[in-house]
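Reading through the structure tokens given below for one structure.
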Amino acid sequence: MQQKLRHFVALAVCAAIANPMLIAERAREPAAEPATPNLNSPARATTALTPDQRIVHLLSRFTFGPTPAEIANARRLGVDRWFDEQLHPERIADSQLEARLADFPALRLPVAQLMERFPSGAAIRQTADGRRAIPNDPELAAIYTRHIHLYEEKQEKKAEAKASPPAAEMASNNKKTAGSGAAQMDTTEAMTSGAANPVRTRSANADPAGKAVLAVLALSPADRVDRILAMQPAEYEPFQAGLNAAQKTRLVEGMTPAQRELLLDFDHPTRAVIQELQAQRLLRDIYSSRQLQEVMTSFWLNHFNVYLHKNDEEPYYLVSYERDVIRPRALGNFEDLLIATAESPAMLLYLDNSASTGPDSKAVEKQKQRAALGKPTKNSAPGLNENYARELMELHTLGVNGGYTQKDITEVAKVFTGWTVDKPGQGGGFKFDESRHEPGKKLVLGHKIKENGQKEGLQLLHMLANSSATAHFISQELAVAFVSDTPPPALVNRMAKSFLASHGDIPTVLRTMLHSAEFWSPATYQAKVKTPLEYVVSAARASSAEISNTQPLVNALNQMGMPLYACVPPTGYPSKAEEWVSTGALVTRMNFALSLATNHNGGVKTDWTPPDLPDITSDLSEQALEARLIPAGVSAQTRTAVLNQAATQTQASMPARQLSAVANPPNAAQTSARNAQLAGLLLGSPEFQRR
């Protein structure tokens, strides 16, 4: 009932205040502006930005959303000093985030150890087939044994299904055999009802799941882990299904992070890695004091996109890709970043370069010789793959209009033959395989590249990283992300010039953008529409949400069309408003905002009690909430719609005897409930969806 009510409210509010946003985006024209802008003014400014607006603008672009604490810090430091401090994340203490990340010890492991601890589907298949040994560690042995059993059971069912005739044919044959008057049970009915195996049915019901759950919950944390790891599939599945939400919380109470990871591993190893990868990403974006580093990490992860579900190994390599490749170089040198991504197993596997083999390479020649002698060949060379070569030039460096041809793509693909991954199923790293490298010189964009093995690729990456086309393309992308969907060409040109002069120093290019008149133009103020990731994270930050479970936020991103690490094409997710603004999208965002503010997302808690809010000592008014959640201000239209809808929602959701109390709240709890409704509506407003 509450969910239906929130959905109705979302539709009503969007009808009242979101349509103008849609119209404005489609027309690409700013809304009407107030004459004298200030922190509480509507979205855009028409005159030079005030000092407070400059701070809000700075934080809206270079963090995942301004918070009262961050605004106060920027006021204290000033714009330039705040930015310079953020350019050196290693100098910024981040102890609160580190405490939260301590819940994910597995994410600190090298990929090979991570794969051993959390076996992939491929690892389980290889172990079941005898190609790999079960680890000696008793806890890992229990995990492997469970998943080998599940794999073998699945294979048996596939074999049975393949060997058995279709159910309809079976039913027909049974009827013919039994005759028209037979009372015999149909074979298919017996199979589906469980009557064909009464012993198994009685065994499954002998110990109800409820009793098993209570027995496990009564144990100490360590004994709980041991008991679960000792369960056979026939016991574990009903046990897991019998846990309610409260019991799932009690199950892990008192456990160490490593013990909790063991339970996740036992349940589903790969899913455990994915959940932790997504969780740490959101926690970093929400809680990190090193906001610029996280914003730029997000930017480069999208620029050098890798798809999470490409293969069995990709989730594991993505842990290292973000941790060891992208984040440490997010505020470094572009060429260093480009080389690191090119050598990353995550990228090599995603764009299939790990399998690329030169047509005239030693590996192919050897196979031809064996074939000529009539000898069997193993692991036949797959041939030349151009995927990475194409995306390297089109998406990573030069841009679609970078002046290259199909011939250039083929030549670049030859340059990178032999760039592969050493034993990817076991978490191996980058490897250059000389036997698969295409011999001879290559000609790329009119430049000759002499035969030089792996160094050919490094020479080409250096050439691309220092190209004027690359400088312009990267500058354009940065300007779109941080200035405007249609950034002024003059600004992009100056940023490109800085890129070339500094040999791709990312902080230098960002400083050029920050110190430009175009960045601080009133036309850019609140002119960017947040992507779903920016919206969800900024809502959590503005709400001062306490998050013990990030899964509701992950689910929200899935619903909004921006699942983490799951953009299939190498283009990455778009950052322009036209891709994210629609009536359906705004309703989804409003639903999320209402759920967040009213604590309908398990594991994500917000508190709207007045004493806990900074700078507020009395009953929290709608204007006070505006100042906290949307420091850029809201329009009169939005304010009226929010107040009217909050009143309507209150009347619809509460018994009549409580309405007078809510109208004049006598205690903190009722005030908090009213504030939560207002906060949810404000978080769903068009103004909050801008940055």
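These numbers come from a predicted model, not from an experiment.
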Exercise. Does a sphere of radius 6.0 Å around CD in E98 hold more than 12 heavy atoms from other residues, nucleotides or ligands, not counting ones at 6.0 Å or beyond?
Worked result: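 Enclosed.
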
Exercise. Any chance CG of D129 has more than 12 other-residue heavy atoms, nucleotides or ligands included, within less than 6.0 Å?
Worked result: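 Yes, because the 6.0 Å sphere around CG of D129 holds more than 12 heavy atoms from other groups.
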
Exercise. Looking at side-chain heavy atoms only, is the closest gap between L464 and L398 below 4.5 Å?
Worked result: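 L464 reaches L398 side chain to side chain.
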
Nearest heavy atoms of [X] and [Y], plus distance in Å:
X: D408; Y: L443; answer: OD1-O, 4.0 Å
X: A556; Y: V536; answer: CB-CG2, 4.4 Å
X: P563; Y: N558; answer: CB-OD1, 3.0 Å
X: M115; Y: G427; answer: SD-N, 3.2 Å

Between [X] and [Y], a side-chain donor and acceptor under 3.5 Å:
X: Q113; Y: R117; value: no
X: H303; Y: E477; value: yes
X: Q459; Y: N452; value: no
X: T508; Y: D505; value: yes

For this session: Quick one: do T420 and D433 satisfy side-chain hydrogen bond (donor to acceptor under 3.5 Å, both in side chains)? Show the steps, please.
Result: CA-CA 7 Å; T420 187; D433 186 348; over 6 Å; no

Could you label the plane-to-plane angle of the [X] and [Y] rings as parallel, tilted or perpendicular, counting under 30° as parallel and over 60° as perpendicular?
X: Y573; Y: W580; value: tilted
X: F519; Y: F62; value: parallel
X: W419; Y: F416; value: perpendicular

For this session: To the nearest 0.5 angstrom, please state how far the NZ atom of K441 sits from the NZ atom of K448.
Result: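 It comes to 4.5 Å.
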
Under 3.5 Å, is there a donor-acceptor pair between the side chain of [X] and the main chain of [Y]?
X: Y316; Y: F118; answer: yes
X: N305; Y: C567; answer: yes
X: S516; Y: M513; answer: yes
X: S361; Y: T357; answer: no
X: R290; Y: R91; answer: no
X: Q86; Y: L292; answer: yes
X: R81; Y: L77; answer: no
X: S60; Y: V56; answer: yes
X: D312; Y: A122; answer: yes
X: R690; Y: V529; answer: no

Can you tell whether the side chains of [X] and [Y] come within less than 4.0 Å, N to carboxylate O?
X: K368; Y: D360; answer: no
X: R281; Y: D285; answer: yes
X: E434; Y: K362; answer: no
X: E394; Y: R390; answer: no
X: K414; Y: E411; answer: yes
X: E534; Y: K528; answer: no

Problem set entry | Candidate list F304, W300, F473, test ring pair (Phe, Tyr, Trp, His ring centres under 6.0 Å), partner H396, passing option |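 With H396 as partner, F304, W300, F473 yield a single ring pair (Phe, Tyr, Trp, His ring centres under 6.0 Å), made by F304.
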
Problem set entry | Step-by-step side-chain hydrogen bond (donor to acceptor under 3.5 Å, both in side chains) determination, D352 to N387 | CA-CA 7 Å; D352 304 308; N387 288 353; 2.9 Å; yes

For this session: Before giving the answer on side-chain hydrogen bond (donor to acceptor under 3.5 Å, both in side chains), spell out for T63 and E70 the whole-Å C-alpha distance, their side-chain angles and the decisive distance to 0.1 Å.
Result: CA-CA 9 Å; T63 74; E70 200 69 71; over 6 Å; no

Exercise. Of H309, E322, E314, which is the lone residue that meets side-chain hydrogen bond (donor to acceptor under 3.5 Å, both in side chains) with Y565?
Worked result: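 By the side-chain hydrogen bond (donor to acceptor under 3.5 Å, both in side chains) criterion, Y565 pairs with just one of H309, E322, E314: E322.
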
For this session: Could you give me the CA-CA distance, side-chain angles and deciding distance for E294 and R327, then say whether salt bridge (Lys or Arg N to Asp or Glu O under 4.0 Å) is met?
Result: CA-CA 8 Å; E294 296 309 319; R327 182 169 286 105; 3.0 Å; yes

Exercise. Given the rule in the side-chain hydrogen bond (donor to acceptor under 3.5 Å, both in side chains) test, do E335 and H462 qualify, once you have shown the distances and angles that lead to the verdict?
Worked result: CA-CA 7 Å; E335 183 174 345; H462 174 76; 2.9 Å; yes

Problem set entry | salt bridge (Lys or Arg N to Asp or Glu O under 4.0 Å) evaluation trace for K450 with E456 | CA-CA 7 Å; K450 296 180 180 180; E456 293 176 27; over 6 Å; no

For this session: Identify whether NZ of Lys or CZ of Arg in R541 sits under 6.0 Å from the centre of the six-membered ring of F64 and within 45° of that ring's axis.
Result: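 No.
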
